[in-house]
Amino acid sequence: MADRSIFEEHVAGWLTSAGDALVSVFFPAGCRLCERVLLHASAVPICQECLGSFPVLGGPGCEKCGQPLATRSLGGAEAAGSAEALLCPECQAHAYGFDRVRSYALYKGAIVRAIMLLKFERVAPLGRWFAQRLVEVAGREELTADIVVPVPLHRDRRRERGYNQAELVAKPLARKLGLPYRAVLLTRTKPRPDKHILSLEERWESVRGAFATRPASKVDNLRVLLVDDVMTTGATLDACAKALRGAGAKSVIGLTVARAARHPR
Ligand SMILES: [Zn+2]
Ligand SMILES: [Zn+2]
């Protein structure tokens, strides 16, 4: 009889946890950004209003880095029938390692907290949702590539966090685009300083030579799609792109979920 009661306890325990699972399916927790009740069945824990509030890019922008440009400056060149590339002041003044960078949205408002969920809470469904947005950006911008590479974390940081947030987006993106995913191709050899606030100069200095391609990796003549969560100054993408180009990559296009409004150097 004792065995049976243990069995009953076991079943009762199973039913309780199954019940909890059902409750969480039908009555999920609120939106992780605004706490509104989630009305749509989705694995993404963010409500439609918050997702719809992200400051999506897509208007006229710098042809190189994608920075939004005033329509006034674009209008002038178009009116003149100029075939000259429309570049923001930073891209006119400096030679970046990447060919182009495009982003889904500006890094402000609700998307900042959404990216925090990705970065610190490993919300994988959100990574897949962002990947789908980047598929749309890649289609619209006619971005072509042979392989997808995430911006790597230094191994100490990766060990500490357990994952790389760029991979949560890059991996589903590669699958959706039908491209090979090469997470191990690039490596970060110099850790990011612990200091959270870096001046622009310090940011550039901290990533100079901080990335390398692995000795056996083959990038010769390949077009690389380099994926990260946020482009702040462009220094990280620039350093990664230079390492890839140094290893023979034919082109490097950066694709990020969000970007700072400006990236002054
Ligand atoms: Zn919300
Ligand atoms: Zn630019």
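Sequential numbering from 1 along the given sequence is applied to the chain's residues. Both counts, for ligands and for their atoms, begin at 1 and track the order of listing.
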Requested in this report: Tell me, please, whether W129 has R133 positioned over its six-membered ring: NZ or CZ under 6.0 Å from the ring centre and within 45 degrees of its axis?
Outcome: yes
Requested in this report: Decide if atom NZ of K64 counts as having more than 12 heavy atoms of other residues, nucleotides or ligands within a radius under 6.0 Å.
Outcome: yes
Requested in this report: Count the heavy atoms of every other residue, nucleotide or ligand shown that sit under 6.0 Å from NZ of K190, and state whether that count exceeds 12.
Outcome: yes
Query raised in the report: the Zn ion (ligand 1) as vertex, arms to SG of C50 and SG of C34: angle to 10°?
Result: 110°
Query raised in the report: Where the Zn ion (ligand 2) is the corner point, what angle links SG of C91 with SG of C88, to 10°?
Result: 110°
Query raised in the report: What angle, to the nearest 10°, do the atoms SG (C62) and SG (C65) form about the Zn ion (ligand 2)?
Result: 110°
Query - Parallel, tilted or perpendicular, as decided by the 30° and 60° cut-offs, for the rings of Y104 and F54 - result: perpendicular
Requested in this report: Please work out the angle at the Zn ion (ligand 1) defined by atom SG of C31 on one side and atom SG of C47 on the other, rounded to 10°.
Outcome: 110°
